Novice: 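Here it is: the structure, laid out below.
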2 protein chains.
Amino acid sequence: MELSSTAYVILGMVSREARSGYEIKALVDGSVRFFWAASYGQIYPELKKLSEAGLVEGVDAPTGDRKRTVYAITEAGEEALKGWLREPPETLEMREEGLLKLFFSGVLEPEEGAATLRAMRRQREQIGAQLRAIEAEKGEIDDPYPPMVLRAGIEFNTWFADWCERMEAQLLAPQHERGSS
Amino acid sequence: MELSSTAYVILGMVSREARSGYEIKALVDGSVRFFWAASYGQIYPELKKLSEAGLVEGVDAPTGDRKRTVYAITEAGEEALKGWLREPPETLEMREEGLLKLFFSGVLEPEEGAATLRAMRRQREQIGAQLRAIEAEKGEIDDPYPPMVLRAGIEFNTWFADWCERMEAQLLAPQHERGSS
DNA sequence: ACAGGCATGTAAATAGTTACATGATTCG
DNA sequence: CGAATCATGTAACTATTTACATGCCTGT
């Protein structure tokens, strides 16, 4: 039985304690969204599938009259998750519209390419600031991995913003020094 | 008329000279694939649409008996491309299965998390080597942007490989120095 | 009372991959 | 001749987003 990556995101998110679909979405948005997003349109149908496959188990946990189901991982689910975690990672996709625009910017004026770089830098600085804010507020000691991947996000965005700045300077720099040592 | 990002990739690829669908695919694979991929299943239908919209123009250019159509950008196509290039970039998605696995690796032994980091590092080193090979062979002087984004790919993969190495060391390091100044 | 957040779900559309089918050309 | 590459395209599938619909609960 082949599971999608989204299925494993869900299994991972319920592996420590039972969560509702809504909570899973919030957790994803607050942690892994920068390298793996998930929408309600995926989460709810996937929870149903995982439940039918016996990898998670739904338990009614209403808040007053508002119905609510939290899902807990089962033995089989934990085995599936661990099996997946042990396989070497494969998919790596990056879609960066900024780099794509830059690639084709030879048809524009240099100043316009520089503007794209500035927009990219601003965006990366914003994301970096958001991630730093998350880093500052958390105080969990037991699991080293979430802060580790958070750090990756911060470093990556810092590097990227810096790259944009350097490339902008290079673009707007005087052309004469091409072959200098 | 809204165009997909893939449409703009195609417009960009035919903006300097007329190309066939097959050539476009090869060009994409040799340049932007690391941050924006495209498959035949997207390229050929999209070329038809762009042709109907008058943004590219197909010209028969057979090789012997083998039929072949190259597409050239039109005035309208160039305007559409430039308009898009001038808008600030928005979409940025990254899907890194490795970071996702790492995030959930608290349920495994530290050595297993380290193994994921090693696999990630190896992969990034490989991609970096490929990009460096591309960088070494090219000798175009006129357009500064392709080498610029290539450099981004090289630097990114170098940073990422280095991060993996550092995190692996941190994971396997002795725990005792938690609160040192 | 009302806004905002909690909560669940579906429908429709778009995006994208994979696999397949077909056939010509070139190089060894 | 056979393999690799050039070349075009489609069908089926999977993934994913967006928008919508519904309704309760909490704080002001």
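Numbered from 1 within each chain, the chains take letters A, B, ... in sequence-line order. None of the values given here were measured: they were computed from a predicted structure.
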Novice: Does this structure show an ion pair linking B:Arg124 with B:Glu165, if we count only N-O contacts that are shorter than 4.0 Å?
Specialist: no
Novice: Rounded to whole angstrom units, what separation is found between the CD1 atom of B:Ile10 and the C1' atom of D:dT8?
Specialist: 14 Å
Novice: Take atom CD of A:Glu90 as the centre, draw a 6.0 Å sphere, and report whether it contains more than 12 heavy atoms from other residues, nucleotides or ligands.
Specialist: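 Counting other residues, nucleotides and ligands, CD of A:Glu90 stays at 12 neighbours or fewer.
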Novice: Looking at A:Glu111 and A:Arg118, does any basic side-chain N land under 4.0 Å from a carboxylate oxygen?
Specialist: yes
Novice: Go through D:dT17, D:dT8, C:dA7 for me and flag the one nearest to the A:Ala37 side chain.
Specialist: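 Nearest listed nucleotide: D:dT17.
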Novice: Roughly how far apart are A:Arg19 CZ and A:Ile24 CD1, rounded to 0.5 Å?
Specialist: 8.5 Å
Novice: Would you tabulate the pairs of protein nitrogen or oxygen atoms and nucleotide nitrogen or oxygen atoms of nucleotides 18-22 of chain D closer than 3.5 angstrom?
Specialist:
none

Novice: If the condition is salt bridge (Lys or Arg N to Asp or Glu O under 4.0 Å), which residues does A:Glu112 pass it with, not counting sequence neighbours?
Specialist: B:Arg86
Novice: Rounded to whole Å, please give me the gap between CD in B:Glu46 and P in D:dG9.
Specialist: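 Those two atoms, CD and P, are 14 Å apart.
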Novice: Does B:Arg166 have any side chain to side chain donor-acceptor pair (under 3.5 Å) partners at least two apart in sequence or in another chain, and if so, which?
Specialist: A:Glu155, B:Asp162
Novice: Listed by chain and number, what are the salt bridge (Lys or Arg N to Asp or Glu O under 4.0 Å) partners of A:Lys82, not counting sequence neighbours?
Specialist: A:Glu78
Novice: Do A:Phe156 and B:Phe160 make the cut of ring centroids closer than 6.0 angstrom?
Specialist: no
Novice: For the helix from C:dA1-D:dT28 to C:dG28-D:dC1, what angle lies between the axis at the first five pairs and the axis at the last five pairs, to 10 degrees?
Specialist: 30°
Novice: Spell out, yes or no, whether A:Ile154 and A:Ile127 are grouped together once hydrophobic residues are joined by side-chain heavy atoms under 4.5 Å, including indirect joins.
Specialist: yes
Novice: How many whole angstroms separate atom CG of B:Asp60 from atom P of C:dA24?
Specialist: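 Distance check: B:Asp60 CG to C:dA24 P gives 17 Å.
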Novice: Below 4.0 angstrom, which residues in residues 61-73 of chain B have at least one non-hydrogen atom near DNA chain C?
Specialist: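 Hits under 4.0 Å, by residue number: B:Thr63, B:Gly64, B:Asp65, B:Arg66.
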Novice: Would A:Val32 end up clustered with A:Met94 when hydrophobic side chains under 4.5 Å apart are linked, directly or stepwise?
Specialist: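 Same hydrophobic cluster.
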Novice: Going hydrophobic residue to hydrophobic residue with side-chain gaps under 4.5 angstrom, can you get from A:Leu100 over to B:Leu3?
Specialist: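 Yes, because A:Leu100 and B:Leu3 connect within a single hydrophobic cluster, where side-chain heavy atoms sit under 4.5 Å apart.
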Novice: Under 3.5 Å, which donor-acceptor pairs do the side chains of residues 34-58 of chain B form with other protein atoms, sequence neighbours left out?
Specialist:
residue	atom	partner	partner atom	Å
B:Gln42	OE1	B:Ser39	N	3.2
B:Gln42	NE2	B:Thr6	OG1	3.0
B:Tyr44	OH	B:Tyr22	N	3.3

Novice: Which residues in residues 21-34 of chain B have a heavy atom closer than 4.0 Å to any atom of DNA chain D?
Specialist: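 By residue number: B:Gly21, B:Tyr22.
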Novice: How would you list, by chain and number, every residue that makes a salt bridge (Lys or Arg N to Asp or Glu O under 4.0 Å) with A:Arg16, sequence neighbours excluded?
Specialist: A:Asp143
Novice: With heavy atoms under 4.0 Å as the rule, sort B:Ser5 into base, sugar-phosphate or nothing.
Specialist: nothing
Novice: Pull out every residue in residues 79-101 of chain A that has a heavy atom closer than 4.0 Å to any atom of DNA chain C, ordered by number, or say none.
Specialist: A:Arg95
Novice: Look at B:Lys49 and C:dT14 and indicate whether a side-chain polar atom (N or O) is within less than 4.0 Å of OP1 or OP2.
Specialist: no
Novice: Side-chain heavy atoms under 4.5 angstrom apart, residues restricted to Ile, Leu, Val, Met, Phe, Trp, Tyr: same cluster for A:Trp163 and B:Leu92?
Specialist: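 Per the 4.5 Å side-chain linkage, A:Trp163 and B:Leu92 are not co-clustered.
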Novice: Just jot down the salt bridge (Lys or Arg N to Asp or Glu O under 4.0 Å) partners of B:Arg68, sequence neighbours excluded, or say none.
Specialist: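 Salt bridge (Lys or Arg N to Asp or Glu O under 4.0 Å) check on B:Arg68 returns B:Glu23.
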Novice: Considering only Ile, Leu, Val, Met, Phe, Trp and Tyr, and joining two whenever side-chain heavy atoms are under 4.5 Å apart, list the other residues clustered with B:Val59.
Specialist: B:Val70
Novice: Expressed in angstrom and rounded to an integer, what is the separation of B:Ile43 atom CD1 from D:dT10 atom P?
Specialist: 14 Å
Novice: Taking atom C1' of C:dA15 as reference, at what distance in whole Å does atom OH of B:Tyr8 sit?
Specialist: 16 Å
